[in-house]
Amino acid sequence: MSTSDRTPSWWAVSTVRARLTAVGGSVIVLALLATSVFVWASPANPVNQISSALGGSSAAAAESEAEQRAIVLERNQLLSEVVELTDKLADSKVSMTATKAEMAAIQQELWSTEGKLEAAVKNGGSPKGPVTPKPKPKPRPTTTTASIEGITAPTKAEIVNPASPYFGMYTEQAPFNWAELDNTSTKLGSTPNVVGYFGGWDEDFRANAVTRAWQRDTLPILTWESRPIAAANDVIEEPEYSLPRILGDPEAGVPGAFDEYLKKYARDIVATGLPLGIRLNHEMNGTWYPWSEDNGYGKPINGNRPGDYAKTWRYVHDIFEAEGANELVTWIWAPNIINRLPESHRSSAYLDGLYPGDEYVDWVGLSAYLRPPFRDGVTYDFDYTFEASLAELRRITDKPILLAEIGATEIGSHKADWVTSLFENLAAPENSDIVGFSWFSLAVTSYVQGERATNDWRIDSRADSLEAFRAGLALPNGRFRLEPK
């Protein structure tokens with residue numbers, strides 16, 4: 001969606017709740033530390049048993065004992081760091097002077113430490129250091145279901161061609177906290193099977209987002225933006241993240257500025273072993289993101305050149321292919337609906353220049369919002385919002401379509417009727433190529449053209465909007481097959 005409507009960062013929650021969460025987390029971690037020490041000292045510890053059985057005479061046993069002691073020490077150190085970082089993050093939340101960037105940096109460090117700790121526990125050894133280049137892994141089979149430590153997930157082929165459409169949601173914190181999503185699901189009586197979330201190129205791959213989603217049999221879809229996660233919403237010039245820097249200059253022997261980051265990201269996906277969708281640099285046909293090519297008046301955005309967007313998509317895709325990650329990633333190319341774009345950006349030729357090609361895309365998608373200003377005498381329904389843009393997608397390719405990020409405002413009192421029209425049209429045979437949608441269920445206050453307004457995109461913003469949603473999901477001729485909540 002337009003940067004002016006992006007929601008505040010998810011960590012901006014109650015300071016009291018943050019402090020209680022930090023204290024509770026500290027208590028749990030300290031308990032784990034105590035348990036670790038107790039288990040190490042216990043005679044039942046396998047290392048102690050081995051040592052006793054061999055009388056300490058075996059060099060192999062001594063070496064094993066030393067290794068185990070080092071592992072425990074390293075785990076305990078990581079646990080201590082988690083406590084320290086959790087407390088530091090809570091302090092940042094309660095400080096009125098802390099900036100988004102500071103909090104994001106602390107949060108990222110915490111996630112990194114937690115990831116190392118998870119790796120240490122999972123592998124039974126010390127966390128791995130910097131990833132070094134390795135041969136391309138064998139491709140994962142696409143005909144069997146993934147099963148990772150008790151978590152099962154469908155194959156990529158099953159994800160791309162689902163038996164029934166997806167219903168997804170974006171909420172303030174999911175998939176890292178399910179409270180808001182679950183609250184809305186309870187009101188709907190249906191559980192979404194897609195969760196959307198955002199990530200920046202200053203963040204490592206967050207495996208916990210994927211594992212937490214699949215623990216609930218939910219497809220995670222990452223909107224992956226080539227800019228910092230805490231970037232200011234009104235800044236579209238991010239020179240360090242320009243498309244020419246990402247691409248480098250292979251003919252001149254200049255590598256891309258993010259090559260190692262992208263390789264590591266792909267390898268981390270392979271190591272996690274579970275599928276996800278990636279919506280890379282969405283709404284590229286607009287004028288509000290650093291990866292857009294021009295501002296609608298012939299002026300480049302962020303130093304980008306015509307054709308750079310599609311080249312960058314293929315470049316990232318090829319790195320993932322070389323690392324074996326594309327067996328797990330469903331690639332989603334998702335422009336904005338064309339209704340209110342500059343005239344030059346509504347043309348077929350412009351959209352064609354942004355498409356990387358069928359071999360690089362699994363789904364095509366759309367971002368679409370029903371928002372002011374509204375005019376008298378206009379019927380604001382599915383056709384008004386989607387018809388022209390869907391025609392363009394179907395002209396370009398026959399790939400399945402995901403309405404990747406949609407919502408409707410309560411301003412103007414069109415929302416309930418628009419939701420009803422949405423579900424009626426999704427049930428129509430001519431839209432059978434639409435494999436689902438993901439709703440942006442947040443309320444956002446922003447300035448648009450100098451006017452301050454709150455767009456309440458939430459599913460349950462009003463009783464009639466919620467009821468329209470409930471009725472739409474339950475249409476007798478509808479194709480949604482969702483678990484009851």
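Sequential numbering from 1 along the given sequence is applied to the chain's residues.
- For the residue pair Ser367 / Asn336, no side-chain donor-acceptor distance below 3.5 Å is found, with atom types taken as modelled.
- Geometrically, Arg216 engages Trp178 in a cation-pi contact defined by less than 6.0 Å to the ring centre and at most 45° from the axis.
- For the pair Arg206 and Phe176, the cation-pi criterion (under 6.0 Å, within 45° of the ring axis) is fulfilled.
- A donor atom on one side chain and an acceptor atom on the other are found under 3.5 Å apart for Tyr350 and His345.
- For the residue pair Ser190 / Glu483, no side-chain donor-acceptor distance below 3.5 Å is found, with atom types taken as modelled.
- Residues Asp294 and Tyr297 bring no donor and acceptor atom of their side chains to less than 3.5 Å of each other.
- With 3.5 Å as the limit, one finds no donor-acceptor pair spanning the side chains of Tyr241 and Asp202.
- Other residues, nucleotides and ligands place no more than 12 heavy atoms under 6.0 Å from the CD atom of Glu343.
- The distance from atom CD1 of Ile411 to atom OG1 of Thr454, rounded to the nearest 0.5 Å, is 7.5 Å.
- The side-chain heavy atoms of Asn304 and Ser242, taken from C-beta on, include a pair separated by under 4.5 Å.
- Between Glu323 and Lys263 there is no salt bridge, since no side-chain nitrogen of the basic residue lies less than 4.0 Å from a carboxylate oxygen of the acidic one.
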Test ring pair (Phe, Tyr, Trp, His ring centres under 6.0 Å) applied to Trp331 and Phe320, step by step: CA-CA 11 Å; Trp331 290 97; Phe320 273 52; 5.2 Å; yes

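- Between the side chains of Trp291 and Thr312, no donor N or O sits under 3.5 Å from an acceptor N or O.
- Residues Lys415 and Ser461 have side chains that bring a donor and an acceptor to within less than 3.5 angstrom of each other.
- Side-chain rings of Phe423 and Phe437 approach one another, their centers coming within less than 6.0 Å.
- Under the 3.5 Å distance criterion, with hydrogens and angles disregarded, a donor-acceptor pair is assigned to the side chains of Asn326 and Glu321.
- With rounding to the nearest 0.5 angstrom, the CZ atom of Arg279 is 14.5 Å from the OG1 atom of Thr330.
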